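Encoded as structure tokens, the structure appears first; notes follow it.
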Amino acid sequence: MINVLLFAGIREKAGRETITCEQTRITVGELKQWLADTYPELAADIQLAMIAVNEEFADDSAVVNDGDQVAVIPPVSGG
């Protein structure tokens with residue numbers, strides 16, 4: 001099971017702080033696609049978000065394993 005933490009606007013749009021993915025070995029790219037398919041209202045935001053696996057930024061080819069924690073961090077803007 002993979003625990004996905006949501007932040008900022010993505011969390012607000014989802015109406016929750018976490019999502020659980022039952023898959024046990026998946027790439028970040030596959031996880032992003034799973035999130036977009038499962039929660040289509042988040043699809044556009046997820047494509048722009050940075051992903052961190054166990055508190056380290058990861059690209060789409062990184063592998064996420066059972067028990068890992070994934071953070072979905074949307075871009076931040078402001079002045």
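The structure presented is a predicted model; accordingly, all values stated were derived computationally and were not measured.
Between the D45 side chain and the L48 main chain, no donor and acceptor come within less than 3.5 Å of each other. Looking at D60, its side chain never comes within 3.5 Å of a backbone N or O of V28 through a donor-acceptor pair.
For the atom pair OG1 (T24) and CG (D68), the distance works out to 10.5 Å, reported to the nearest 0.5 Å. Atom-to-atom distance recorded for C21:SG and I26:CD1 is 5.0 Å, nearest 0.5 angstrom. To the nearest 0.5 angstrom, T20 atom OG1 is 10.0 Å from I2 atom CD1.
With hydrophobic clusters built from ILVMFWY side chains whose heavy atoms lie under 4.5 angstrom apart, M50 does not share a cluster with L35. Note on Y39 and V4: same hydrophobic cluster, where clusters join Ile, Leu, Val, Met, Phe, Trp and Tyr whose side-chain heavy atoms are under 4.5 Å apart, directly or indirectly. I73 and I19 sit in two unconnected hydrophobic clusters of ILVMFWY residues. Membership requires side-chain heavy atoms under 4.5 Å apart, directly or through other members. Each of F7 and V70 belongs to its own hydrophobic cluster when Ile, Leu, Val, Met, Phe, Trp and Tyr are linked at side-chain heavy-atom distances under 4.5 angstrom.
The only option from R11, E12, E17 that meets the side chain to side chain contact (heavy atoms under 4.5 Å, CB included) definition with L6 turns out to be R11. Across V53, N3, V64, a single residue satisfies side chain to side chain contact (heavy atoms under 4.5 Å, CB included) together with Q69, and that is N3.
The shortest non-hydrogen separation linking E22 to M1 is OE2-SD, 4.1 Å. Minimum heavy-atom separation, P74 to A8: CG-CB, 3.7 Å. Residues T27 and S61 come closest through the heavy atom pair CG2-O, 4.1 Å.
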